[in-house]
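Protein chains get the first letters and strands the later ones, always in sequence-line order, with residue 1 at the start of each.
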2 protein chains.
Amino acid sequence: MADITDLSRTGEPGRAAATVPAPAAPDFSGWTCPAPLRDQEHIVMGHGGGGALSAELVEHVFAPAFGGPLLAGLGDSAVLRLGGARLAFSTDSYVVRPLFFPGGSIGDLAVNGTVNDLAMSGAKAAYLSCAFILEEGVETATVARVAQALGAAARTAGVEVATGDTKVVEAGHGDGIYLNTAGIGLIPDGVDIRPQRAVPGDVVLVSGPVGVHGTAIMSVREGLEFGVSVRSDCAALGGLVEAMLAVTPDLHVLRDPTRGGLAAALGEIAAAAGVGVTVQERSVPVPPEVANACAVLGLDPWYVANEGKLVAFVPPEHADAVLAAMRSHPLGAEAAVIGTCVEEHPGMVVARTTFGGTRVVDMPLGEQLPRIC
Amino acid sequence: MADITDLSRTGEPGRAAATVPAPAAPDFSGWTCPAPLRDQEHIVMGHGGGGALSAELVEHVFAPAFGGPLLAGLGDSAVLRLGGARLAFSTDSYVVRPLFFPGGSIGDLAVNGTVNDLAMSGAKAAYLSCAFILEEGVETATVARVAQALGAAARTAGVEVATGDTKVVEAGHGDGIYLNTAGIGLIPDGVDIRPQRAVPGDVVLVSGPVGVHGTAIMSVREGLEFGVSVRSDCAALGGLVEAMLAVTPDLHVLRDPTRGGLAAALGEIAAAAGVGVTVQERSVPVPPEVANACAVLGLDPWYVANEGKLVAFVPPEHADAVLAAMRSHPLGAEAAVIGTCVEEHPGMVVARTTFGGTRVVDMPLGEQLPRIC
């Protein structure tokens, strides 16, 4: 819990695992990683964690190779024009371990994760592609269970699986089932939701308790028992976003805090818009069973992945009505105001602690938990 | 080389590897697999081969789970309407081994394979998603080389990489790099290209020599030397299709004969449209070095994957002009008429041999060569 004046980045257990050396000079510009990729000769787990190492891979490897104006936000859904329509387009691969966990499965994740990426542009998901990479020898019944979960999740989310692909790799070159989905959806007229639109004065809301999905995965992966069972919050947020847009099309930013959790989502928005974010620590809802599990494991719930939550930056004049709309929706019943967007400390997220102090909320380097989605 | 009156399906070396028992009664209805999936408790390599086993997996596992009218042709690009536009949407994962081969790489395949799936609906690819599943420990320089190849192939094909994702799995749970791309493109007005539109009388064309890509992969995978080096034909066919559509929008069927080769492509069309196809054996262009390599390995070039070729079913009145347009394009310089669509033997492909006999061209069960794309 470093004070805002303490700029040391290292030495905090449970985040930014020290697989890379710390830099000589501290740097808080958000996306700039302290360990340049050019010093990384091999891929490490953290490159898939959605934190600073992932961002480095995009910045130094993928963006220069692919080029193009759309790729700046690789990992977000892209907004593009085709045949006169404004579309959102997004993809994610799913490598979660285990395939089934309390509250969901890789099939549910593959639908909800991509549907939610589209919803964060304000788009209603219309069509999904679905590609399986199967490991030779996996039980056909397991594939069928995953497919059924995926189909059921698609029907719940109101999205159609339109096209697909199957590949099989030799035993020992996969892990049962890897999935990829890509999704496309229409963005309603007048809607322009993106991280760059965050402005000082915006009210920051979260749709419910954080840290639930990652804790659920942990609870089964290592056979840990926390007394109280934690179920993943995995859900499709299209309906919740529709309810919010019914209040005003002028939502500034939506983000689903998946890999890297709440901390990464807020950090990315602050960096993208060049604004500061202050969060009231005690306003962030964390279920007691999640807090307990994280305490045991030395993790920080703010950095644990969610799969059925969103963060919203909303103009202050609409904040009360948007909050009320969220609370009227089953997936936003525990929505809360957690902070504000400020002019100070641009690119940085600062938490005001229960005792009146402040601390910097670092961007994670990688993921505390690999293969969480 | 069975005569058309000899209905035995088994015993032909080099295809339909006998991992499953043959049925009691022969059945030539094309897509109906002699080994029902319900007898297959585990996934085998053939389920990823694009032949009858893949089709069974779709029919018995994926289609019932996902439902929806679009999924009937899982593996094709889907044609859908969104915001008033008619779009093609397709996905493929790429698990080719090795990552680099003569004439291309997994990065080239990931662009050209998906661009070509869209082109087979007459669509010009506009945007791609791109998702990497990296194995922990793979060299960052290898990832960069693949990304650069992918970016260069996208620029050549005139398609933009719009969105992406990266996941990392532990060493021993991947194979360096797996890639997935999904693509969307606009279908021009008046174009309605799909396997069901094949009708008796259609002229069947192929855009060039077959069996090249698979032979190139073989030549490096096992360290085999065939005297003459075979380079993959991997290429994006959007421009060739545009040139063909400039002759007439009324192309009936286009298909890129990838996994399962020419035989699977023709068999799928025959089954989908309920028509017969006759092929003049000597009209099918097979490069001598491909024929030699296949002879050594006991493979049939008609079943070997291509990545830069297409098969077209064209109304007879347009056939000469379409053939001329293909031959005027660099990727169709060796285009040829190889057969006709007929009323006889619906669902079946029959080759007329050099010596005046006939033989049935079976659908492959799986792939002769796993991980070809």
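Ranking G185(A), A182(A), G174(A), A131(A) against chain B, the residue ahead of the rest is G174(A), based on heavy-atom pairs under 4.5 Å. Note on S93(B), P370(B), G84(B), G83(B): by heavy-atom pairs under 4.5 Å with chain A, the leading option is S93(B). When each of G49(A), G137(A), C373(A), G172(A) is scored by its heavy-atom pairs under 4.5 Å with chain B, the top score falls to G137(A). Note on L128(B), T181(B), I184(B): by heavy-atom pairs under 4.5 Å with chain A, the leading option is I184(B).
The aromatic rings of Y178(A) and Y178(B) sit tilted, their planes meeting at an angle between 30° and 60°.
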Next on the checklist: With side-chain contact (heavy atoms from CB on, under 4.5 Å) as the criterion, how do E136(A) and H42(B) come out once you've worked through the C-alpha distance, each side chain's angles and the decisive distance to 0.1 Å?
Outcome noted: CA-CA 8 Å; E136(A) 181 188 23; H42(B) 296 88; over 6 Å; no
| Derivation of the side-chain contact (heavy atoms from CB on, under 4.5 Å) call for T166(B) and F62(A) | CA-CA 10 Å; T166(B) 308; F62(A) 295 140; 3.3 Å; yes
Start with the C-alpha gap between D117(A) and T163(B), add the side-chain angles, then the distance that decides, and say whether side-chain contact (heavy atoms from CB on, under 4.5 Å) holds. CA-CA 11 Å; D117(A) 281 345; T163(B) 185; over 6 Å; no
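Residue K167(A) is tested with R259(B), M45(B), H47(B) for a side chain to side chain contact (heavy atoms under 4.5 Å, CB included); the sole match is R259(B).
F132(A) approaches F66(B) most closely through the heavy-atom pair CE1-CZ, 3.9 Å. Considering all non-hydrogen atoms of both residues, D92(B) and D165(A) come closest at OD1-OD1, 2.8 Å. Of all non-hydrogen atoms in R371(B) and V168(A), the two that sit nearest each other are CG-O, 3.8 Å.
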Which pairs of donor and acceptor atoms, one on a side chain in residues 141-158 of chain B, lie under 3.5 Å apart (sequence neighbours left out)?
{"residue": "R155(B)", "atom": "NH1", "partner": "A65(A)", "partner atom": "O", "Å": "3.1"}
{"residue": "T156(B)", "atom": "OG1", "partner": "A152(B)", "partner atom": "O", "Å": "3.1"}

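Side-chain contact between I133(A) and N180(B): absent, with no pair of heavy atoms (C-beta onward) separated by less than 4.5 Å.
If you measure heavy-atom distances from L82(A) to chain B, the contacts under 4.5 Å come from both the backbone and the side chain. Only the side chain of L87(A) comes within contact range of chain B, judged by heavy atoms closer than 4.5 Å. Contact annotation for V95(A): only side-chain heavy atoms (C-beta onward) come within less than 4.5 Å of a heavy atom of chain B. Neither the backbone nor the side chain of R86(A) comes within contact range of chain B; no heavy atoms are under 4.5 Å apart.
No donor-acceptor pair closer than 3.5 Å links the side chain of D175(A) to the backbone N or O of H173(B).
With values rounded to the nearest 0.5 angstrom, Y127(A) atom OH is found 9.5 Å from R81(B) atom CZ.
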